[in-house]
Protein chains: 2
Amino acid sequence: MAERPRRRIPEATVARLPVYLRSLVELAGDRVSTTSSERLAELAGVNAAKVRKDLSYLGSYGTRGVGYDVEYLLFQVSRELGLTQDWPVVIVGAGNLGAALANYGGFGDRGFPVVALFDSDPAKIGTTIAGVKVLDQRDIPRVVQASGVAIGIIATPAPVAQDVADLLAAGGVRSILNFAPAVLTVDPSVSVRKVDLAVELQILSFYQQRGPNQAVGS
Amino acid sequence: MAERPRRRIPEATVARLPVYLRSLVELAGDRVSTTSSERLAELAGVNAAKVRKDLSYLGSYGTRGVGYDVEYLLFQVSRELGLTQDWPVVIVGAGNLGAALANYGGFGDRGFPVVALFDSDPAKIGTTIAGVKVLDQRDIPRVVQASGVAIGIIATPAPVAQDVADLLAAGGVRSILNFAPAVLTVDPSVSVRKVDLAVELQILSFYQQRGPNQAVGS
DNA sequence: GGAGCCTCGTGCATCCGTTCACAAAGTCTA
DNA sequence: TAGACTTTGTGAACGGATGCACGAGGCTCC
Ligand SMILES: NC(=O)c1ccc[n+]([C@@H]2O[C@H](COP(=O)([O-])OP(=O)(O)OC[C@H]3O[C@@H](n4cnc5c(N)ncnc54)[C@H](O)[C@@H]3O)[C@@H](O)[C@H]2O)c1
Ligand SMILES: NC(=O)c1ccc[n+]([C@@H]2O[C@H](COP(=O)([O-])OP(=O)(O)OC[C@H]3O[C@@H](n4cnc5c(N)ncnc54)[C@H](O)[C@@H]3O)[C@@H](O)[C@H]2O)c1
C-alpha cells in the first residue's frame, strides 16, 4: 500500500480531470450520491470509455455494477489535482484583462486567491482593484518569494511578457498562465500554459471558411 | 491546377498556423524578406521539422537551399486561415469579461470586428461599451442573422451558456468561443472552442504539486 | 559547368491517445 | 444460493501526431 504515484498520468487525462471535477461538483450539488461513467461522461462532454480509463489512472475508485461514489471521487480528483490546498496567485498587468480577472470572484472561491497585482504604470501603482493593491512590477521577485506565490498570471502587452516571466521565475514561481500573444522561454522546471484569444478566433475562422462540413469540436 | 483542398489539414496543424502567422508578421515588421524553417520554429516555439511538415500541407511554398519568402508565406497562411475577409463577431454577456473583450482593440484590428454586445440586464441594455451598443439578449437571432455574424463569443454565467448557444445557432452562427465553464451541446455543423481559466489553473496546480520535475510545456 | 553547401519536403518509425469489447466483480430478486 | 443484470477496469487494435533522417532541388563561387 501507500502507492501514491500509481502510474504516470497522461497529459490528456490531466487536462480532463478539472472537467470531471466540475461535473462531480454539479452532481453533488444535486444531492446525487452515486454516478455511472455514462452519466459523468454526458456531463463532461466526452465518452464513457474515456472517463473510465482516465479515472483508472487515479486508482480503482468505482464499484462494478454500481458506479462511482460522487463525494469520494470528488475528493480523490481534488487531491490528485492538488486542490486540497490553496495556491496563491499574482496577476501582472492591471489593464483591461488583468482588472477583469482580479474582479472575477471565481478564482479565490476555487482555491486560487489573488494576493497581488503588478503594473509598470505609475498611475496604477498604489491603487486598489477588487481589494488587492497594485504594486510596482519591479517588486515581483521580492513579493512573490516572500508570500510563497506558486502561480503567476501574465496580462501585459506581448513585448514585455518575457521580461515578466523572467521576474516571476526569479521569485520562484513554477507555474505561469500567459494571456499575452507571445512565446515564452523559461526554465524546464516551470510550467507554462497559454490562453490566446486571437489564436482561438483564427482557428474558428479556418473551419468557418471550410464550409458547413467538418466543424471542429472542442 | 485549381487544387484548393490540397490535403486534409490535421487539426494539430490548424492550431499552429495562427502561431506561425504571428511569427511571420513579426518577421515582416523587422523587414526580413526570407526565413528558414529553423528560424520560424524558434519564433513559434516548436521544432523545425514540424514547421516544415505543417507548411507542406498548404503547398510547396518554400525554396530549397533558401527558405520561405516571408510576405508570400504570410499571405498563404492568412488565406488558408480565412483571414482575407473580416469575420464580424458578437459578444454575449457584457459583464467583467465581456466588457474587457469589447474594450480590447486587438480583435477588430485582426479582422474580427465586434458588431454587437448582448446582455439580459435591463440596466445594461441600451448603454454603449467601447462604441458598441448593448442589445437585448432576446434579439440575438434576429441581429445575428441580419448582420451576417459568423462567430459568437459567450461571456455569460455558466447556467445560461447553453441557452445563449442555442440563440446564436438559431441566428446562423457557425462558430462559438465559450468562456463560461459549461459544456455546450450544439449541432455538429457548429464549431465550439472553449477557454476555461479555472481548468487552466487546475492543470497548473497538478504539475505544481507533482514537484519540480516533469513540468508541462504549452 | 561543376563542386560544395544549404534547406526544403517527406517516408518511416515511434509515441501517445482514443475506442472497442469483454472478463471480472459487484448488486438484486426470488 | 443461483441466475440475471449492471457497470467497472483494462488489454488490444487503431489512428493521429511527432521527430528523425535523408533524398531532392536550388544557390554560390570558382
Ligand atoms: N483585453 C482582452 O480582452 C484581451 C484579449 C486577448 C488578448 N489580450 C492580451 O492580454 C494582454 C493584456 O491586454 P489588456 O487588454 O489588459 O491590455 P492593457 O493595455 O489594458 O493592459 C496592459 C497593462 O499592462 C501594464 N504593463 C505594461 N508593461 C508592463 C510591465 N513591464 N510590467 C507590468 N505591467 C506592465 C500596462 O501598464 C497596462 O496596465 C495583452 O497581451 C493582450 O494582447 C487581451
Ligand atoms: N471575469 C473573468 O475574469 C472570468 C474568468 C474566468 C471565467 N469567467 C467566466 O466568464 C463568464 C463571465 O464572467 P464575468 O466575470 O464577466 O461575469 P459577470 O457576472 O461580470 O458578467 C456576466 C454578464 O452576463 C449577463 N447575463 C446573464 N444572463 C444572461 C443571458 N441569458 N444573456 C445575456 N447576458 C446574460 C449578466 O447580466 C452580466 O452582465 C462566467 O461564466 C465566468 O465563469 C470569467
Query raised in the report: Between B:Q162 (side chain) and B:T185 (backbone), is there a donor-acceptor pair under 3.5 Å?
Result: yes

Requested in this report: Specify the separation, in whole Å, of atom CD of A:Q76 and atom P of D:dG9.
Outcome: 12 Å

Query raised in the report: Is a side-chain N or O of B:D86 found less than 3.5 angstrom from the main chain of B:P88, in a donor-acceptor match?
Result: no

Report summary line: Between CD of B:E42 and C1' of C:dT7 the distance, given in whole Å, is 16 Å

Query - Where A:A116 and A:V132 come nearest, the two heavy atoms and their spacing - result: CA-CG1, 3.6 Å

Report summary line: 5'-most contact on DNA chain C (nearest-nucleotide basis), A:T63 vs A:P10, goes to A:P10

Requested in this report: Let me know the distance between CZ of B:R8 and C1' of D:dG16, rounded to the nearest Å.
Outcome: 8 Å

Query - Electrostatic pair A:E38-A:R52, nearest N-O below 4.0 angstrom - result: no

Query raised in the report: Are the side chain of B:D30 and the backbone N or O of B:V32 linked by a donor-acceptor pair below 3.5 Å?
Result: no

**Report entry** Student check: side-chain heavy atoms of A:F206 and A:Q202 closer than 4.5 Å
**Finding:** no

Report each atom pair, protein N/O against N/O of nucleotides 11-15 of chain D, whose distance is under 3.5 angstrom.
{"residue": "D:dG11", "atom": "O6", "partner": "A:K53", "partner atom": "NZ", "Å": "3.3"}
{"residue": "D:dA12", "atom": "N6", "partner": "A:K53", "partner atom": "NZ", "Å": "3.1"}

Query raised in the report: Of A:V46, A:L21, A:L55, A:V51, which is the lone residue that meets side-chain contact (heavy atoms from CB on, under 4.5 Å) with A:R16?
Result: A:V46

**Report entry** Nearest-Å distance for atom pair CD/C1', residues B:E38 and C:dG9
**Finding:** 15 Å

Query raised in the report: Within this structure, what is the CD-to-C1' distance between A:E11 and D:dT18, rounded to whole angstrom?
Result: 13 Å

Query - Side-chain touch A:V14/B:Y207, heavy atoms, less than 4.5 angstrom - result: yes

Query raised in the report: Got a sec? Which of residues 15-30 of chain A come in under 4.0 Å of DNA chain D, heavy atoms?
Result: none

Report task. Assess whether atom CZ of A:R22 is packed by more than 12 heavy atoms of other residues, nucleotides or ligands within 6.0 Å. Result -> yes

Query - Distance in angstrom units between B:D54 CG and C:dG9 P, rounded - result: 12 Å

Query raised in the report: Is the number of heavy atoms from other residues, nucleotides or ligands within 6.0 Å of CZ (A:R110) greater than 12?
Result: no

Report summary line: Picking from C:dT18, C:dA21, D:dT18, the nucleotide nearest the side-chain atoms of A:R52 would be C:dA21

Query - Check: A:L83 main-chain N/O paired with A:S78 side-chain donor or acceptor under 3.5 Å - result: no

Report task. Rounded off to whole Å, could you give me the CG-to-C1' distance for the A:L40 and D:dG9 pair? Result -> 15 Å

Query raised in the report: Phosphate oxygens OP1/OP2 of D:dT8: is one of them under 4.0 Å from a side-chain N or O of A:S37?
Result: yes

Query raised in the report: Please give, in whole Å, the distance from C:dC20 P to A:K50 NZ?
Result: 11 Å

Query raised in the report: Of the residues in residues 64-73 of chain B, which ones touch DNA chain D at a heavy-atom distance under 4.0 Å?
Result: B:R64, B:G65, B:V66

